[in-house]
Engineer: 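Just passing along the structure, written as structure tokens.
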Protein chains: 2
Amino acid sequence: MRKKRTNDPEGMRRRVLDVAEDSFQARGYHASSLGDLMAAAGVTGGALHHHFPTKKALALAVIEERVAAAVQETWIEPVRAAPSAREGVRAVFEAVAAELEQQGYVRGCPLNNLAHELSLADADFRLALADIFAGWRLAIADKVRADQEAGGEGETDPDRFAALAVAAYSGAMSMAKTAQDASVLRECLEGLESVEPPSSQNGSVARRRRRVLRRQTIC
Amino acid sequence: MRKKRTNDPEGMRRRVLDVAEDSFQARGYHASSLGDLMAAAGVTGGALHHHFPTKKALALAVIEERVAAAVQETWIEPVRAAPSAREGVRAVFEAVAAELEQQGYVRGCPLNNLAHELSLADADFRLALADIFAGWRLAIADKVRADQEAGGEGETDPDRFAALAVAAYSGAMSMAKTAQDASVLRECLEGLESVEPPSSQNGSVARRRRRVLRRQTIC
DNA sequence: TCCAAAACAGGATGATCATCCTGTTTATAA
DNA sequence: TTATAAACAGGATGATCATCCTGTTTTGGA
């Protein structure tokens with residue numbers, strides 16, 4: 001006897017998403033062929049088509065499940081857990097810069113990578129990506145508001161700060177990817193840190209440092 | 001008689017570059033087929049192949065001639081002509097935001113669009129794009145240094161400020177494109193403006209405003 | 001005038017790719 | 001056990017695409 005097959009729909013779907021997430025990040029959507037993905041994931045055309053009827057459906061799943069999760073893990077959760085919005089932002093910048101430096105290459109932010117390639121191509125793509133950006137900004141702005149209610153963080157406009165933090169990070173990653181050099185991330189962080197430093201009353205929240213643990217994906 | 005042909009190599013090359021620049025901006029590199037470009041430019045396969053042997057050669061020409069020129073016209077020249085680096089940066093942000101708002105849609109920054117799609121795909125692409133980013137940042141940093149030698153702009157680090165300005169703009173355009181809403185540009189500008197305001201000694205250079213005239217392309 | 005090179009025309013080609021289709025196997029529920 | 005649907009296999013298909021090739025026309029210099 002030679003044939004045994006174990007149906008494992010969740011596992012197969014996960015393997016396809018793993019490979020697609022990686023390939024979209026490294027090569028982009030259009031440059032990733034389903035044939036390559038099938039080979040890399042070790043799945044057949046029938047299986048792929050069963051779980052993802054079209055390439056668009058696959059990309060949408062990558063965006064909604066993987067890219068959104070990467071932003072959540074890399075940015076939203078660390079910022080929420082940080083002692084303040086500013087320290088959270090700084091910690092993420094530094095953690096990502098450190099990871100990129102030891103990694104030796106820069107593949108960029110998966111959200112921005114796909115956003116640039118797909119936003120104008122398809123409305124569904126665009127809306128899914130816009131939602132992730134919105135959630136990212138909202139998390140930072142909410143953290144600033146929480147800081148303010150706790151007495152810290154003077155007159156900083158929360159939405160303004162959040163937009164600038166996300167924009168500076170996105171743009172810095174764009175340059176880091178193009179230059180294949182992560183140092184611009186630190187440069188931008190230093191520029192950001194001189195934005196309205198939290199007045200002069202740095203009380204209890206001030207001098208603490210913390211580490212960011214997660215590092216599996218970079219966003 | 002029916003046949004007359006006038007050789008116009010420069011014109012034909014220009015028309016191809018016009019169409020390619022527009023299509024790369026709207027659809028991206030991989031999603032732009034040479035067939036579509038030929039049809040849109042009204043050139044034959046032979047003519048296209050004569051001027052640009054490969055698609056890569058065409059894209060490289062678009063990057064080096066068109067994208068670089070767009071950055072030059074939209075950013076470098078206005079900043080150089082501005083009364084100060086800060087006012088130049090502000091003027092460009094506002095000019096682009098105004099143009100996008102009246103235009104009703106956002107196609108993004110051509111440099112960042114191509115940088116995200118092509119930086120990891122090919123070393124020649126990446127280096128050409130990195131050069132443009134470097135020139136952009138250098139122009140802003142040089143302007144800050146000039147401001148400082150002229151007595152204004154206190155202790156701002158020129159390279160830091162330039163990196164943050166370019167990153168904030170690039171990231172803001174990325175979000176504006178994804179949300180199809182230019183307002184985030186203004187939000188980020190307001191955040192930027194609170195970065196180390198030029199000490200308190202705002203003398204002669206302070207309260208002047210100026211307009212940016214060019215607006216043909218957006219970068 | 002003549003000739004060589006540049007400029008252009010237009011089709012051929014081979015490769016690639018996303019989708020679809022027809023089967024077969026495995027799981028589930030009755 | 002049996003029926004039904006889900007899960008998977010693997011090839012077919014038609015369309016698309018970048019490149020190349022052979023040929024013709026135009027241009028500019030000798």
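Residue numbering restarts at 1 for every chain, and letters A, B, ... go by the order of the sequence lines.
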Engineer: Return yes if the base of dT26(C) and the side-chain atoms of R5(A) contain a donor-acceptor N/O pair under 3.5 Å, otherwise no.
Structural biologist: no
Engineer: Base, sugar-phosphate or nothing for H49(A)? Non-hydrogen atoms, less than 4.0 Å.
Structural biologist: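 Base contact.
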Engineer: What is the separation between atom CE on M12(A) and atom P on dA27(C), rounded to the nearest whole Å?
Structural biologist: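 Rounded to whole Å, this separation is 13 Å.
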Engineer: Expressed as a whole number of angstroms, how long is the span from L34(A):CG to dG14(D):P?
Structural biologist: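 In whole Å, dG14(D) P lies 19 Å from L34(A) CG.
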Engineer: Tell me what S33(B) touches on the nucleic acid: a base, only sugar-phosphate, or nothing, going by heavy atoms under 4.0 Å.
Structural biologist: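 Sugar-phosphate, no base atom in range.
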Engineer: In this structure, how many angstroms lie between the P atom of dA18(D) and the NZ atom of K55(B), rounded?
Structural biologist: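 From K55(B) NZ to dA18(D) P: 4 Å.
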Engineer: Output yes when at least one side-chain N/O atom of H51(B) is less than 4.0 Å from OP1 or OP2 of dC8(C), else no.
Structural biologist: yes
Engineer: Measuring from the side chain of T6(B) (C-beta onward, heavy atoms only), which nucleotide among dC8(D), dT27(D), dA18(D) has the closest atom?
Structural biologist: dT27(D)
Engineer: Could you give the CG-to-P distance, from L48(B) to dC17(D), as a whole number of Å?
Structural biologist: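 Answer to the nearest Å: 14 Å.
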Engineer: Output yes when at least one side-chain N/O atom of H50(A) is less than 4.0 Å from OP1 or OP2 of dA7(D), else no.
Structural biologist: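 Yes.
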Engineer: Which whole-number value in Å describes the distance from R15(A) CZ to dA7(D) P?
Structural biologist: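 Spelled out: CZ on R15(A) to P on dA7(D) is 15 Å.
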Engineer: Sub-3.5 Å donor-acceptor pair from the side chain of E117(B) to the main-chain atoms of H30(B), do we have one?
Structural biologist: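 Yes; at least one donor-acceptor contact below 3.5 Å.
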Engineer: Take the protein atom CD of E10(A) and the nucleotide atom C1' of dA27(C), then report the distance between them rounded to whole Å.
Structural biologist: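 Answer to the nearest Å: 12 Å.
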Engineer: Below 30° counts as parallel, above 60° as perpendicular, anything between as tilted: where do the rings of W136(A) and Y169(A) land?
Structural biologist: perpendicular
Engineer: Just the rounded figure in Å: distance from C1' of dT16(C) to CG of L37(A).
Structural biologist: 14 Å
Engineer: So which nucleotide from dT19(D), dC8(C), dC8(D) ends up closest to the side chain of T44(B)?
Structural biologist: dC8(C)
Engineer: Heavy atoms from C-beta onward define the side chain here; which of dC8(C), dC8(D), dT19(C) lies closest to that of T54(A)?
Structural biologist: dT19(C)
Engineer: Check the side chains of R160(A) and S194(B) for a donor-acceptor pair under 3.5 angstrom, ignoring hydrogens and angles.
Structural biologist: no
Engineer: Checking side chain to side chain contact (heavy atoms under 4.5 Å, CB included) for the pair D159(B)/R137(B): CA distance, chi angles, key distance, verdict?
Structural biologist: CA-CA 7 Å; D159(B) 295 314; R137(B) 286 168 60 182; 5.8 Å; no
Engineer: Of G35(A) and V43(B), whose closest DNA chain C nucleotide lies nearer the 5' terminus?
Structural biologist: V43(B)
Engineer: Calculate the interatomic distance between N7(A) atom CG and dA7(D) atom C1'; express it in whole Å.
Structural biologist: 4 Å
Engineer: Is the ring centre of H116(B) less than 6.0 Å from the ring centre of H116(A)?
Structural biologist: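 Yes - the distance between ring centres of H116(B) and H116(A) falls below the 6.0 Å cut-off.
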